[in-house]
2 protein chains.
Amino acid sequence: MKFFEKLENVKKCPVSYVLAVQDTLNAFHGKWKMPIIGTLLFGKKRFKEIEREVRKITPRMLSQELKDLEVNGIVTRTVYNTTPVTVEYELTPSGRELHHVMESMITWGLQHRQTNIMETLPALNMPKQSA
Amino acid sequence: MKFFEKLENVKKCPVSYVLAVQDTLNAFHGKWKMPIIGTLLFGKKRFKEIEREVRKITPRMLSQELKDLEVNGIVTRTVYNTTPVTVEYELTPSGRELHHVMESMITWGLQHRQTNIMETLPALNMPKQSA
DNA sequence: TATACTGCTATACTTAAGTATATTGATATA
DNA sequence: TATATCAATATACTTAAGTATAGCAGTATA
């Protein structure tokens, strides 16, 4: 992915890249997909487990978002014929790959906080000059 | 960033990582921030230039989003005393660093499309077995 | 004088996203 | 019988996000 090394050449930005970014943003779209994917990165879970782990989510939103993630090939849904019924949600291989995106987000977020703290409160981060 | 190598250890997920991801999502939040940042990655631009390059955006949204990006330390705003007035918007160093996140999104998006095409239409991607 | 440019802001509106609360059916437990 | 579990769905509602349209001040050109 060397594209952004030659940013000045606008014409080299292919439509497929724009679509790719849109797909990725879509995967995280809204308030709840990131925490749902986040919790599923630790392993497959049942509906109620996710509901408990993703604080404050309503079953309506969880149901809706899981459906969305399923049709987008990020999550699989498996029903087991138990009583009461067991439904397991698991990230697809592609879904698991999202951790790379998350990592780049963590890296940028941490970096950005550092920078902004330094800009806002430089004194706190500068070594004190002795008199 | 070796954290996700030990995903099973939930306790090791620090709050700072969650905040970092939220900050990053916030940087891209909404319909317009990504295209605005995208166009500014190619160099600093004036208000009307951005308005022309980011198709269908209204001045209201552009103004609002630029303000948002400015207070979040992603864009700088410089006013030149010309007639008519010139206002230049430029990514901060931190803003420019977002291209790493974009690249990871491009990578995932392209990969994900590939995977989904292969799952939906496997025949198209399988070498034909000769009779 | 009329028009155009710049970088916006104001007002009113529509659409999308999210919340609150109740309910379902099949089964198990107290 | 009453209550609880699971995995949801239904309905009504609120809030957030985005759109449409018009207008401003200052200057410059036709």
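Note on naming: letters A, B, ... go to the chains in the order of the sequence lines (proteins, then strands), and numbering restarts at 1 for each one. Note that the coordinates shown come from a computational prediction; the quantities given were computed from them, not determined experimentally.
Partners of A:Thr39 by side-chain hydrogen bond (donor to acceptor under 3.5 Å, both in side chains), not counting sequence neighbours, listed by chain and number: A:Lys45, A:Glu53. Taking A:Thr24 as the reference, nothing meets the side-chain hydrogen bond (donor to acceptor under 3.5 Å, both in side chains) condition, with sequence neighbours excluded. Under the side chain to side chain contact (heavy atoms under 4.5 Å, CB included) criterion, A:Pro59 pairs with A:Phe47, A:Glu51, sequence neighbours left out. Residues passing the side-chain hydrogen bond (donor to acceptor under 3.5 Å, both in side chains) test with B:His100 are B:Glu97, sequence neighbours excluded. Contacts of B:Glu65 classified as salt bridge (charged side-chain N to carboxylate O under 4.0 Å, His left out), with partners at least two apart in sequence or in another chain: B:Lys33. For A:Gln111, the side-chain hydrogen bond (donor to acceptor under 3.5 Å, both in side chains) test picks out no residue, with sequence neighbours left out.
Under the side chain to side chain donor-acceptor pair (under 3.5 Å) criterion, the residue pairs touching residues 72-82 of chain A are A:Arg77-A:Tyr89, A:Tyr80-A:Glu88, A:Thr82-A:Thr86, with sequence neighbours excluded. Every pair tested for salt bridge (charged side-chain N to carboxylate O under 4.0 Å, His left out) that includes a residue from residues 13-22 of chain B fails, sequence neighbours excluded, so the list is empty. Identified under the salt bridge (charged side-chain N to carboxylate O under 4.0 Å, His left out) test for residues 13-30 of chain A, with sequence neighbours left out: A:Asp23-B:Arg113.
Using a 4.0 Å cut-off, some side-chain N or O of B:Ser63 falls inside it from OP1 or OP2 of C:dT9.
A 4.0 Å heavy-atom criterion places the boundary nucleotides of DNA chain D facing chain A at D:dT5 to D:dA12, written 5' to 3'.
Listed in residue order, the members of residues 43-54 of chain A having a heavy atom less than 4.0 Å from DNA chain C come to none. Residues from residues 22-34 of chain B that place a heavy atom under 4.0 Å from any atom of DNA chain D, listed by number: B:His29, B:Gly30, B:Lys31, B:Trp32.
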